[in-house]
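First up is the structure itself, then whatever we jot down about it.
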Amino acid sequence: MRDLFEAEEGAQMSLQPGAVLLRGFATVAAPQLLGDLGAVLAVSPWRHLVTPGGFRMSVAMTNCGTLGWLSDRRGYRYDPIDPDTGRPWPALPASFRELAATAAAQAGFQGFEPDACLVNRYDPGARLSLHQDRDERDFRQPIVSVSLGLPAVFLFGGIERAEKALRVPLVHGDVVVWGGPARLSHHGILPLKDGEHPLTGHCRVNLTFRKAG
DNA sequence: AAGTGTCC
DNA sequence: ACAC
């Protein structure tokens with residue numbers, strides 16, 4: 001298997017059955033995606049959510065689409081209303097929808113029409129511990145994850161949390177798609193190393209597309 | 001429990 | 001790495 005550190009832009013690599021890394025798939029679209037993200041943030045700004053255990057998440061989040069992912073003391077859920085504004089989440093920008101659908105199709109998942117995009121901002125030191133995306137209604141639909149800005153180490157494990165996770169270096173423009181047998185795989189991000197990226201500055205932005213409803 | 005603390 |  002080709003070493004993930006040396007994968008060429010445009011390469012498509014299997015991480016496990018049902019999970020694929022599309023190296024650099026979003027590089028050309030990145031400036032458009034980040035510009036459209038600015039309009040999303042003008043409506044629903046970054047915020048740090050709290051876990052059911054009462055801990056503040058190190059990753060700053062917002063959402064766009066008809067449903068947004070939330071965490072608070074009551075648990076995890078999707079909600080059509082941004083609790084910080086009392087208004088619906090901003091619509092999915094066309095650039096977001098198109099990128100998600102084409103990446104999913106490239107990975108073998110035709111007809112992906114996401115209704116939710118969770119947007120994560122990782123500042124230096126921010127991380128996301130190993131977890132499953134299991135708050136969606138239909139696990140037949142894949143997850144599409146777009147990396148922008150600073151590089152990060154993506155952890156990709158198995159259905160069972162105890163399985164050893166693969167460490168996948170992700171750079172600006174990379175897209176990871178997982179579904180089918182990998183849909184409930186555990187995944188996470190190691191603490192972000194500081195650096196500077198011409199398009200995002202000292203942070204990494206991740207767009208995670210789901211069909212939640 | 002999408003985090004934190006502790007131990008090797 | 002693992003317990004909580």
Side-chain angles (χ1 to χ4, degrees), chain A residues 15-16 18-19 21 37 40-41 44-84 89 92 96 100 114-139 141-170 174-179 182-194 200 203-213:
Chain A
L15 302 181
Q16 64 177 232
L21 163 59
L37 174 59
V40 167
L41 292 169
S44 287
W46 298 116
R47 81 288 307 273
H48 289 272
L49 301 178
V50 173
T51 66
F55 300 107
R56 172 187 185 271
M57 295 180 72
S58 59
V59 176
M61 298 178 166
T62 189
N63 291 278
C64 54
T66 57
L67 290 170
W69 186 84
L70 292 172
S71 175
D72 60 23
R73 282 109 322 196
R74 294 166 32 191
Y76 308 138
R77 65 187 173 281
Y78 283 94
D79 197 297
I81 300 298
D82 177 351
D84 280 16
W89 299 102
L92 272 183
F96 282 36
D115 57 13
C117 178
L118 172 59
V119 187
N120 294 154
R121 190 194 75 217
Y122 294 78
D123 298 322
R127 63 192 172 86
L128 206 52
S129 62
L130 217 51
H131 68 279
Q132 293 170 300
D133 290 4
R134 53 182 304 167
D135 304 312
E136 300 76 28
R137 288 200 147 165
D138 183 359
F139 296 148
Q141 296 299 319
I143 301 289
V144 174
S145 175
V146 180
S147 293
L148 300 169
L150 290 179
V153 178
F154 183 55
L155 301 172
F156 201 80
I159 306 298
E160 296 180 30
R161 203 180 197 278
E163 295 177 58
K164 187 163 60 182
L166 190 64
R167 289 170 179 240
V168 184
L170 295 180
D174 286 353
V175 178
V176 181
V177 181
W178 64 97
R183 176 60 178 76
L184 291 176
S185 292
H186 282 80
H187 55 281
I189 290 284
L190 290 183
L192 194 84
K193 183 181 173 182
D194 195 6
T200 65
C203 72
R204 169 179 186 263
V205 171
N206 179 69
L207 311 176
T208 309
F209 296 93
R210 306 99 185 277
K211 176 78 174 71

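Letters A, B, ... are given to chains in the order of the sequence lines, protein chains preceding strands, and every chain is numbered from 1.
What separates CG of A/Asp72 from P of B/dG3 is a distance of 15 Å, to the nearest Å. Summarising the geometry, the separation between CE on A/Met61 and C1' on B/dG3 is reported as 12 Å, rounded to the nearest angstrom.
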Can you pull every protein N or O that's under 3.5 Å from an N or O on nucleotides 4-8 of chain B?
| from | atom 1 | to | atom 2 | distance (Å) |
| --- | --- | --- | --- | --- |
| B/dT4 | OP2 | A/Arg127 | NH2 | 3.0 |

If you restrict it to nitrogen or oxygen atoms, what contacts under 3.5 Å exist between nucleotides 2-4 of chain C and the protein, and what is each distance?
none

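Using bins of under 30°, 30° to 60° and over 60° for the plane-to-plane angle, the ring pair A/Phe96/A/Phe209 lands in the perpendicular bin.
Contact between A/Ala100 and A/Val144 at its shortest, heavy atoms only, is O-CG2, 4.0 Å. Between A/Ala212 and A/Leu67 the shortest heavy-atom distance is CB-CD1, 3.9 Å. A/Ser185 and A/Phe156 make their closest contact through CB-CZ, 3.7 Å (heavy atoms, listed as atom of the first residue, atom of the second, distance).
Within the cation-pi definition used here (under 6.0 Å to the ring centroid, within 45° of the axis), A/Arg204 qualifies as a partner of A/Tyr122.
Aromatic rings from A/His131 and A/His186 are positioned such that their centres are separated by 6.0 Å or more.
Across A/Arg183, A/Gln141, A/Lys211, a single residue satisfies side chain to side chain donor-acceptor pair (under 3.5 Å) together with A/Glu136, and that is A/Arg183.
When heavy atoms are screened at a 4.0 angstrom cut-off, A/Asp135 is found touching base atoms of the nucleic acid.
A/Arg56 and A/His48 are linked by a side-chain donor-acceptor pair at a separation below 3.5 angstrom, with hydrogens and angles left out of the test.
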